[in-house]
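Note that these values count all heavy atoms, side chains included, but never hydrogens, waters or copies made by symmetry. For clarity, every value in this text was computed on a predicted model and none was experimentally measured. The chains referred to below are lettered A, B, ... by the order of the sequence lines, with proteins before strands, and numbering in each begins at 1.
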Amino acid sequence: MAYWLFKSEPSTWSWDQQKAKGDAGEEWDGVRNYQARNFMRQMALGDLGFFYHSQSEKAVVGIVEVCALAHPDSTSDDDRWDCVDIKAVQDVATHVTLDQIKADPRLEDMVLVKNSRLSVQPVTKDEWTIVLALGNTRLLAP
DNA sequence: GCCAACGTTGGC
DNA sequence: GCCAACGTTGGC
């Protein structure tokens with residue numbers, strides 16, 4: 001089981017919109033970056049991820065699960081671009097802001113801090129646990 | 001709204 | 001295969 005972080009501008013695709021899709025989930029399309037695509041190709045069904053709002057909010061707001069393996073991105077006719085589908089799992093009780101993450105020395109190596117422009121990123125198990133704790137969030141049993 | 005950082009593109 | 005130009009992202 002691996003952990004990830006998906007970043008979105010709430011004005012483009014928000015956590016509320018993601019939740020509205022329910023268990024059907026939604027393509028994480030529109031990624032045109034090789035690193036991000038390669039991470040999506042590594043994802044397995046059931047992998048979990050944080051849903052992060054960039055721009056105005058800059059906070060981890062939700063937890064998602066990979067519900068379809070990498071497949072061609074329906075918004076591109078260029079076959080280089082693949083994407084996974086993700087579905088909302090639960091809210092992060094207390095949003096974890098970028099400021100909090102930056103202020104925590106245990107999280108200084110997070111990709112979010114070191115490479116803020118990467119829109120799909122790996123998260124280590126330790127980082128996952130720490131951010132969940134900061135968010136006062138306990139993962140519900142599957 | 002600005003600007004720095006970075007990734008991609010295309011010409012050579 | 002290199003590198004300059006350009007576009008985009010995201011934090012401030």
Side-chain angles (χ1 to χ4, degrees), chain A residues 1-140:
Chain A
M1 153 91 68
Y3 301 98
W4 310 94
L5 183 145
F6 298 85
K7 190 163 46 182
S8 182
E9 297 178 29
S11 57
T12 305
W13 182 254
S14 71
W15 176 234
D16 282 344
Q17 288 172 287
Q18 181 68 50
K19 281 197 290 188
K21 289 286 175 179
D23 285 343
E26 177 75 358
E27 260 192 4
W28 195 257
D29 55 31
V31 172
R32 301 291 182 265
N33 172 284
Y34 290 108
Q35 274 190 73
R37 181 207 64 186
N38 291 342
F39 287 132
M40 288 198 284
R41 287 182 172 174
Q42 294 170 26
M43 292 179 188
L45 291 177
D47 277 0
L48 296 173
F50 289 127
F51 192 106
Y52 175 85
H53 274 166
S54 65
Q55 305 270 105
S56 54
E57 189 173 10
K58 286 173 292 178
V60 173
V61 298
I63 294 166
V64 295
E65 177 183 334
V66 175
C67 62
L69 295 175
H71 56 81
D73 183 331
S74 71
T75 65
S76 171
D77 43 18
D78 186 331
D79 61 12
R80 289 177 300 170
W81 302 120
D82 287 349
C83 65
V84 296
D85 290 10
I86 60 174
K87 66 178 184 184
V89 174
Q90 64 185 92
D91 291 311
V92 167
T94 308
H95 293 182
V96 181
T97 65
L98 181 62
D99 284 347
Q100 279 179 277
I101 289 169
K102 282 185 164 175
D104 194 320
R106 298 170 299 171
L107 299 174
E108 66 183 6
D109 288 329
M110 269 189 84
V111 181
L112 192 64
V113 176
K114 298 181 92 172
N115 184 2
S116 60
R117 294 188 52 204
L118 187 59
S119 59
V120 176
Q121 329 179 341
V123 172
T124 69
K125 182 160 180 46
D126 285 347
E127 290 162 354
W128 178 263
T129 304
I130 293 165
V131 173
L132 274 186
L134 290 174
N136 298 311
T137 300
R138 183 185 303 275
L139 262 188
L140 303 173

**Q** Are A:Tyr3 and A:Phe50 close enough that some pair of their side-chain heavy atoms sits under 4.5 Å apart?
**A**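 They are not in contact (no side-chain heavy atoms under 4.5 Å apart), so the answer is no.
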**Q** By the definition side-chain contact (heavy atoms from CB on, under 4.5 Å), identify the one residue from A:Leu118, A:Leu5, A:Val123 that meets it with A:Leu112.
**A**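 It is A:Leu5, the one option of A:Leu118, A:Leu5, A:Val123 that forms the side-chain contact (heavy atoms from CB on, under 4.5 Å) with A:Leu112.
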**Q** For A:Lys114, answer base if it contacts any base atom (sugar-phosphate contacts may also be present), sugar-phosphate if it contacts only those atoms, and nothing otherwise; contact means non-hydrogen atoms under 4.0 Å.
**A**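 Nothing: the residue A:Lys114, judged by heavy atoms under 4.0 Å, touches no strand.
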**Q** Taking CD from A:Glu9 and C1' from C:dG10, how many angstroms apart are they, rounded to a whole number?
**A**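 Nearest whole value for this atom pair: 8 Å.
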**Q** Whole-Å distance between C:dT8 C1' and A:Lys7 NZ?
**A**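 Computing the A:Lys7:NZ to C:dT8:C1' distance gives 12 Å.
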**Q** Within the 4.0 Å heavy-atom criterion, would you say A:Leu118 contacts the bases, only the backbone, or no part of the nucleic acid?
**A**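 Contact class for A:Leu118: none.
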**Q** When you check the gap from the basic side-chain N to the acidic O, do A:Asp126 and A:Arg106 get nearer than 4.0 Å?
**A**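 Judged by the 4.0 Å cut-off on N to carboxylate O distance, A:Asp126 and A:Arg106 do not form a salt bridge.
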**Q** If you define the side chain from C-beta out and look only at heavy atoms, does anything of A:Ser74 sit under 4.5 Å from A:Glu27?
**A**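 A:Ser74 vs A:Glu27: side chains touch.
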**Q** What is the distance, rounded to the nearest whole Å, between atom CZ of A:Arg32 and atom P of B:dC6?
**A**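 Rounded to the whole Å, the gap is 23 Å.
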**Q** What is the separation between atom CG on A:Asn115 and atom C1' on C:dT9, rounded to the nearest whole Å?
**A**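 Distance check: A:Asn115 CG to C:dT9 C1' gives 11 Å.
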**Q** Starting at CG of A:Leu98 and ending at C1' of C:dT9, how long is that distance when rounded to a whole Å?
**A**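 These atoms are roughly 14 Å apart.
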**Q** Roughly, in whole Å, what's the span from CZ in A:Phe6 to C1' in C:dG10?
**A**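 Atom-to-atom, A:Phe6 to C:dG10, this comes out as 19 Å.
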**Q** Quick one: which of C:dG11, B:dT9, B:dT8 gets closest to the side chain of A:Arg80?
**A**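 Nearest to the side-chain atoms of A:Arg80, counting from C-beta on, is B:dT9.
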**Q** Are A:Trp28 and A:Phe51 close enough that their ring centers fall under 6.0 Å?
**A**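 Yes, they do, as the ring centres are separated by less than 6.0 Å.
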**Q** Send over the distance from A:Trp81 CH2 to B:dG7 P, rounded to a whole Å.
**A**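 Interatomic distance, CH2 of A:Trp81 to P of B:dG7: 12 Å.
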**Q** For B:dG7, take OP1 and OP2 only and decide whether either is under 4.0 Å from a side-chain N or O of A:Gln35.
**A**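 The answer is yes; a side-chain N or O of A:Gln35 sits under 4.0 Å from OP1 or OP2.
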**Q** Let me know the distance between CG of A:Leu5 and C1' of C:dG10, rounded to the nearest Å.
**A**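 Going from CG in A:Leu5 over to C1' in C:dG10 covers 14 Å.
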**Q** A:Arg117 has a side chain; which of B:dT9, B:dC6, C:dG10 sits nearest to it?
**A**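 The nucleotide sitting nearest to the side chain is B:dC6.
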**Q** Taking only side-chain N and O atoms of A:Tyr34, does any of them lie within less than 4.0 angstrom of OP1 or OP2 on B:dC6?
**A**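 Checking A:Tyr34 against B:dC6: no side-chain N or O falls below 4.0 Å of OP1 or OP2.
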